[in-house]
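Letters A, B, ... mirror the listed sequences (proteins, then strands); counts begin at 1.
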Amino acid sequence: MSDPLASLSTLLAPLFADLNGGSPADPTVRPSDRADAQINGALALAKQVGANPRDLAQQVVDSGLLTDVATDLEVAGPGFINVTFSSSFLEAELAVVAADERLGVAPAAELKTVVVDYSAPNVAKEMHVGHLRSTVIGDSLVRLHESVGHTVIRENHIGDWGRPFGMLIEHLLDLGEDVASDGLSQGDLDGFYKQANAKFNDSEEFQERARERVVLLQGGDEPTLVLWRRLVEMSNAYFNRVYTKLDVLLTDDDLAGESRYQPLMEGVYERLEASGLLHEDDGAMVVYPAGFKNRDGDPLPMIAKSQTGAFMYATSDLACVVDRVERLGADLMLYVIGSPQAQHLQMVFEVCAMAGWLQEPTEAVHVGFGNVLGEDRKMMRSRAGDSVKLADLLDEAVERAEAAIAEKNPDIGPDDRLVIANMVGIGALKYFDLSTERIKDYVFDWDRMLAFEGNTGPYLQYAHARICSIFRRADIGRASVRAAHIALDQPQERALAMRLLAYPSAIDNTLDSYSPHKLCTYVYELATDFSSFYQECPILKSDEPVRTSRLALADLTARVLEHSLGLLGITAPEQM
RNA sequence: GCCCCCGUAGCUCAGUGGAUGAGAGCAGCGGGUUUCUACCCCGUCGGUCGCAGGUUCGAGUCCUGCCGGGGGCGCCA
């Protein structure tokens with residue numbers, strides 16, 4: 001463990017247990033504005049054992065446990081202990097991190113199989129900003145969980161089944177495959193869907209064909225399935241282009257569409273039946289998940305089978321949970337889906353729990369998120385009033401980044417500029433989405449997103465590029481300073497070192513709440529700490545050994561920046 | 001009608017039950033530095049943390065009730 005706060009906690013744990021009569025007590029070590037750290041545990045402990053908190057705190061100070069790590073210990077206020085770390089202690093911790101490829105990030109205590117359900121676009125429908133959120137948050141959670149050693153299974157639950165496919169397939173036939181293929185692969189999914197929908201609304205003949213086609217599809221009619229597959233393939237090709245541009249990990253191997261769970265529903269339904277949970281209600285077969293009520297105060301049903309005998313999407317989601325738990329061996333399932341689905345998912349999870357399919361310690365979590373709003377604080381719309389195409393958003397982000405780079409760093413040639421513009425534009429967009437608490441709505445704003453100041457992607461990337469620039473200018477290899485001793489003499493060096501050492505804790509906090517914005521806040525603080533250091537502590541102009549020490553500190557900072565941005569799915573360019 | 005989520009500076013947002021200093025960025029005003037890339041530093045302006053209770057040694061943070069905004073509540077997915 002390299003985080004000094006965590007080290008402190010570990011160091012104090014036995015003493016706190018002693019003071020608590022043998023049972024464990026949390027020393028509660030926290031960051032402090034008044035010192036390097038503060039120990040708050042004496043207050044809670046005093047209450048528990050009926051002692052004076054200041055006396056307890058004094059006992060902790062007098063124990064001598066901290067003499068090697070702290071130069072100053074002070075009991076303050078009602079019983080806080082302010083800790084100032086010794087530079088030698090911090091320098092030693094830093095040396096451990098610098099020598100560690102993982103930068104101090106230890107594998108999780110308990111390694112799990114984690115299934116992450118995210119992105120989930122609909123076949124033959126455009127991806128919009130909601131998919132951006134799911135895709136970007138999910139991608140980051142995948143990377144974060146992998147980084148601490150979990151086995152992660154990505155599942156892209158695309159909407160590739162259901163009633164709309166009757167009309168979509170008929171429209172495909174009307175257009176002819178080649179024409180349809182052109183349109184869809186060009187990314188005109190909205191046009192295709194809207195045309196089909198318009199025909200469905202206008203023509204009874206078309207409606208009839210669509211209905212018959214649904215029956216054929218669900219009956220497994222091979223010629224129909226061929227057409228359906230074409231539709232799915234064309235859409236997937238388009239989705240993949242968006243994923244490539246977005247620089248996320250999803251591939252065809254991760255597809256787990258709704259169609260996959262269709263054959264499993266009968267079996268799940270039978271198991272529901274056998275469990276005795278099914279009830280007949282108004283002709284439908286339902287389960288009443290515990291704790292849910294409808295508008296009349298009666299139990300709220302989750303419909304497993306409709307009056308007409310069709311399985312519902314809730315049934316499909318049950319099958320999905322069962323598949324993930326029983327076939328994939330999931331210990332943890334993350335559903336990165338918008339917050340309007342909260343109640344639906346809670347009901348599905350509750351039914352799974354009642355049926356015994358979802359039992360401790362296996363866990364299903366709805367990782368919900370809010371909307372992207374326009375300047376008018378309403379759901380973001382295009383000028384025409386439609387939802388905004390994700391693909392257009394990505395293109396605009398890159399264009400704007402390219403223009404900014406051309407203006408601010410004209411030395412970069414057009415080819416490099418485009419590559420960097422992709423990193424900066426897409427990174428800015430992702431960071432903007434990830435950097436606020438996911439459950440809240442956020443207001444979309446190009447200028448704030450691409451600003452070089454403040455809590456933005458470009459600012460963080462710039463801090464990284466700047467460090468690379470120092471090494472380029474001095475013609476020194478980054479790795480060559482990696483084993484050098486880092487001396488912490490200036491306050492800015494200390495602050496930066498403390499921040500670097502807190503990296504593993506930042507990742508833990510992020511994982512605990514499935515909240516990438518906590519990592520964003522950390523990276524931003526790291527970048528600001530570096531900027532202060534950069535401002536106050538000349539690197540190349542310093543004499544040895546300070547020069548090499550500062551180069552090593554800068555190098556380590558760049559490594560943590562690159563690594564942490566990587567966990568957010570953002571690339572750190574070497575120049576920009 | 002019931003349920004869920006949100007409410008912190010003019011704006012956009014952080015804030016792990018801890019300190020009669022609640023922070024950042026932007027915007028505004030006034031300075032400094034303008035050197036290794038666009039940064040950064042200092043000062044200033046700005047807050048009844050939606051309201052009212054409660055729990056606690058201690059509440060922006062936990063609980064209850066209100067107010068405001070958004071969303072969800074049977075055969076679409």
Side-chain angles (χ1 to χ4, degrees), chain A residues 28 30-34 38 40 43-44 46-47 53 76-80 82 120 122 157 159 161-164 258 281-286 291-298 300-314 316-317 338-344 346-347 368 370-371 373 377-379 404-405 407-409 411 432 435-437 439-443 445 447-448 451-456 458-459 462-463 465-467 469-474 505 509 512-513 517-518 520-521 524-525 527-528 530-541 550 554 575-576:
Chain A
T28 321
R30 292 285 137 84
S32 171
D33 296 330
R34 307 181 178 218
Q38 61 183 44
N40 300 341
L43 287 155
K47 170 88 175 164
F80 303 101
N82 291 335
N122 292 310
H157 198 73
W161 202 256
R163 289 217 301 240
E258 289 165 0
D281 184 346
D282 205 13
M285 297 306 291
V286 307
F292 292 87
K293 289 182 177 166
N294 70 8
R295 59 185 72 200
D296 300 320
D298 298 325
L300 183 65
M302 188 215 78
I303 300 180
K305 199 184 242 182
S306 75
Q307 288 170 339
T308 60
F311 291 126
M312 310 302 297
Y313 75 119
S316 166
D317 284 337
S339 48
Q341 296 290 321
Q343 188 182 35
H344 164 69
Q346 293 314 318
M347 289 172 72
N371 296 316
L373 306 179
R377 300 222 52 135
K378 294 184 174 157
M379 294 275 285
I405 295 164
E407 183 199 331
K408 291 181 174 175
N409 196 347
D411 295 343
F432 198 66
S435 61
T436 58
E437 201 183 334
I439 202 67
K440 294 182 184 174
D441 298 344
Y442 70 82
V443 179
D445 182 334
D447 292 334
R448 274 197 300 120
F452 277 71
E453 309 87 31
N455 190 7
T456 69
Y459 176 74
Y462 175 61
R466 188 184 234 181
I467 295 170
S469 165
I470 294 169
F471 281 88
R472 256 199 316 276
R473 181 170 283 251
S505 298
N509 290 337
D512 282 346
S513 52
H517 89 275
K518 293 192 177 183
C520 291
T521 301
Y524 175 57
E525 286 169 341
T528 55
F530 173 75
S531 292
S532 301
F533 161 73
Y534 178 91
Q535 172 75 13
E536 298 299 322
C537 304
I539 298 172
L540 296 177
K541 289 175 182 169
R550 289 181 177 169
Q575 57 171 339
M576 61 188 278

Next on the checklist: At less than 4.0 Å, is any side-chain N or O atom of A:Arg550 found next to OP1 or OP2 of B:C36? Yes or no.
Outcome noted: no
Checklist entry - Among B:C36, B:A38, B:C13, which is the nearest nucleotide to the side chain of A:Lys541? => result B:C36
Checklist entry - Can you list the residues that meet the ring pair (Phe, Tyr, Trp, His ring centres under 6.0 Å) rule with A:Phe311, with sequence neighbours excluded? => result A:Tyr269
Checklist entry - Is A:Tyr313 close to A:His344 at the side-chain level, that is, under 4.5 Å between some pair of heavy atoms? => result yes
Checklist entry - CD of A:Gln575 versus P of B:A38: gap in Å, rounded? => result 15 Å
Checklist outcome for this item: Between A:Ala527 and A:Ala463, the two heavy atoms sitting closest are CB-CB, 4.1 Å
Item to check | Chi-based syn or anti call at B:G74, which uses purine or pyrimidine torsion atoms and a 90° bound | outcome: syn
Checklist entry - Passes side-chain contact (heavy atoms from CB on, under 4.5 Å), A:Asn455 versus A:His517? Steps please. => result CA-CA 11 Å; A:Asn455 190 7; A:His517 89 275; over 6 Å; no
Next on the checklist: Taking only the P atom of each, what is the distance from B:G46 to B:A22 in whole angstrom?
Outcome noted: 15 Å
Item to check | Rounded distance (Å) that lies between atom P of B:G25 and atom CG of A:Asn455 | outcome: 11 Å
Checklist entry - Looking only at atom P, what distance separates B:A14 and B:G50, rounded to whole Å? => result 14 Å
Item to check | N/O donor-acceptor pair under 3.5 Å between A:Arg448 side chain and A:Val443 backbone | outcome: yes
Checklist entry - Quick one: salt bridge (Lys or Arg N to Asp or Glu O under 4.0 Å) partners of A:Lys440, sequence neighbours excluded? => result A:Glu437
Checklist entry - In Å, rounded to the nearest 0.5 Å, how long is the span from CG of A:Leu300 to NZ of A:Lys293? => result 11.0 Å
Checklist entry - Rounding to the closest angstrom, what is the interatomic distance between B:C2 and B:U16 at atom C1'? => result 34 Å
Next on the checklist: For a quick check of understanding: with a heavy-atom distance under 4.0 Å over all strands, which category does A:Met302 fall into, base, sugar-phosphate or nothing?
Outcome noted: nothing
Nucleotides 39-41 of chain B: which of its N/O atoms have a protein N/O under 3.5 Å away?
from	atom 1	to	atom 2	distance (Å)
B:C39	OP1	A:Glu453	OE2	2.6
B:C39	O2'	A:Arg466	NH1	2.9
B:C39	O2'	A:Arg466	NH2	3.2
B:C39	O2	A:Arg466	NH2	3.4
B:C40	OP1	A:Tyr459	OH	2.9
B:C40	O2	A:Gln535	NE2	3.3
B:C41	OP1	A:Ser532	OG	3.4

Checklist outcome for this item: Interatomic distance, CG@A:Leu373 vs CE@A:Met379, rounded to 0.5 Å, equals 8.0 Å
Item to check | Distance between C1' atoms of B:C36 and B:U44 (Å, rounded) | outcome: 31 Å
Next on the checklist: Nearest 0.5 angstrom please: A:Phe80 CZ to A:Leu43 CG, how far?
Outcome noted: 5.5 Å
Next on the checklist: Side chains of A:Met312 and A:Val286, heavy atoms from C-beta outward: is any pair under 4.5 Å?
Outcome noted: no
Checklist entry - Using atom C1' of each nucleotide, how far apart are B:G7 and B:U20 to the nearest Å? => result 26 Å
Checklist entry - How close or far is atom P of B:A38 from atom CD of A:Glu407, stated in whole angstroms? => result 14 Å
Checklist entry - Going from CD on A:Glu258 to CG on A:Asn122, what distance comes out if it is rounded to the nearest 0.5 angstrom? => result 7.0 Å
Next on the checklist: Between the base of B:A19 and the side chain of A:Asn82, is there a donor and acceptor pair under 3.5 angstrom?
Outcome noted: yes
Checklist entry - If you look at every strand shown and take non-hydrogen atoms under 4.0 Å, does A:Leu43 touch a base, only sugar-phosphate, or nothing? => result base
Checklist entry - Pairs counted as Watson-Crick or G-U wobble with both distances under 3.5 Å: what dot-bracket string results for RNA chain B, using | for bases tied to another strand? => result (((((((..((((.........)))).(((((.......))))).....(((((.......))))))))))))....
Next on the checklist: Pick the closest RNA chain B nucleotide for A:Ser435 and for A:Met576 by heavy atoms, then say which residue is nearer the 5' end.
Outcome noted: A:Ser435
Item to check | Euclidean distance, atom CG of residue A:Leu373 to atom C1' of B:G7 [Å, nearest integer] | outcome: 14 Å
Next on the checklist: Apply side-chain contact (heavy atoms from CB on, under 4.5 Å) to residues A:Phe452 and A:Met576 and explain how you reach the verdict.
Outcome noted: CA-CA 11 Å; A:Phe452 277 71; A:Met576 61 188 278; 3.5 Å; yes
Item to check | Touch class at under 4.0 angstrom, heavy-atom based, for A:Pro53 against every strand present | outcome: nothing
Checklist entry - Reckon A:Ala474 touches a base, only the sugar-phosphate, or nothing at all at heavy-atom distances under 4.0 Å? => result nothing
Checklist entry - Taking A:Asp441 for the side chain and A:Asn371 for the main chain, is one N or O donor matched with an acceptor at less than 3.5 Å? => result yes
Next on the checklist: Distance check, P atoms only: B:A24 and B:A19, in whole angstrom units.
Outcome noted: 16 Å
Checklist entry - Just how far, in rounded Å, is P of B:A38 from CG of A:Asp447? => result 21 Å
Item to check | Rounded distance (Å) that lies between atom C1' of B:C3 and atom CZ of A:Phe292 | outcome: 9 Å
Checklist entry - Can A:Ser435 and A:Tyr442 be counted as having a side-chain donor-acceptor contact under 3.5 angstrom? => result no
Item to check | Test side-chain contact (heavy atoms from CB on, under 4.5 Å) applied to A:Phe530 and A:Arg466, step by step | outcome: CA-CA 10 Å; A:Phe530 173 75; A:Arg466 188 184 234 181; 4.1 Å; yes
Next on the checklist: Applying side-chain contact (heavy atoms from CB on, under 4.5 Å) to A:Asp282 and A:Gln307, what does each step give before you reach the verdict?
Outcome noted: CA-CA 8 Å; A:Asp282 205 13; A:Gln307 288 170 339; 4.1 Å; yes
Checklist entry - Can you tell me how far P of B:G25 sits from CZ of A:Phe432, to the nearest Å? => result 17 Å
Between the protein and nucleotides 15-17 of chain B, which nitrogen or oxygen pairs are less than 3.5 angstrom apart?
from	atom 1	to	atom 2	distance (Å)
B:G15	OP1	A:His517	NE2	2.8
B:U16	O2'	A:Arg30	NH1	3.4
B:U16	O2	A:Arg30	NE	3.4

Checklist entry - Looking across every strand, which nucleic acid part, if any, lies under 4.0 Å from A:Ile439 by heavy atom: base, sugar-phosphate, or nothing? => result sugar-phosphate
Checklist outcome for this item: In whole angstroms, the gap separating P of B:A14 from OH of A:Tyr442 amounts to 12 Å
Got a list of protein N/O to nucleotides 70-77 of chain B N/O distances below 3.5 Å?
from	atom 1	to	atom 2	distance (Å)
B:G72	O2'	A:Gln343	OE1	3.0
B:G74	O6	A:Asp281	OD2	3.0
B:C75	O2	A:Gln307	N	2.8
B:C75	N4	A:Asp282	O	3.0
B:C75	N4	A:Asp282	OD2	3.2
B:C75	N4	A:Gln307	NE2	3.1
B:C76	OP2	A:Arg163	NH1	2.7
B:A77	O3'	A:Glu258	OE1	2.6
B:A77	O3'	A:Glu258	OE2	2.9
B:A77	O2'	A:Glu258	OE2	3.0
B:A77	N6	A:Tyr313	OH	2.1

Checklist entry - Taking atom C1' in both B:C45 and B:C3, what distance in whole Å separates the two? => result 43 Å
Next on the checklist: Work out how far the P atom of B:G18 is from that of B:C62, and round it to whole angstrom.
Outcome noted: 11 Å
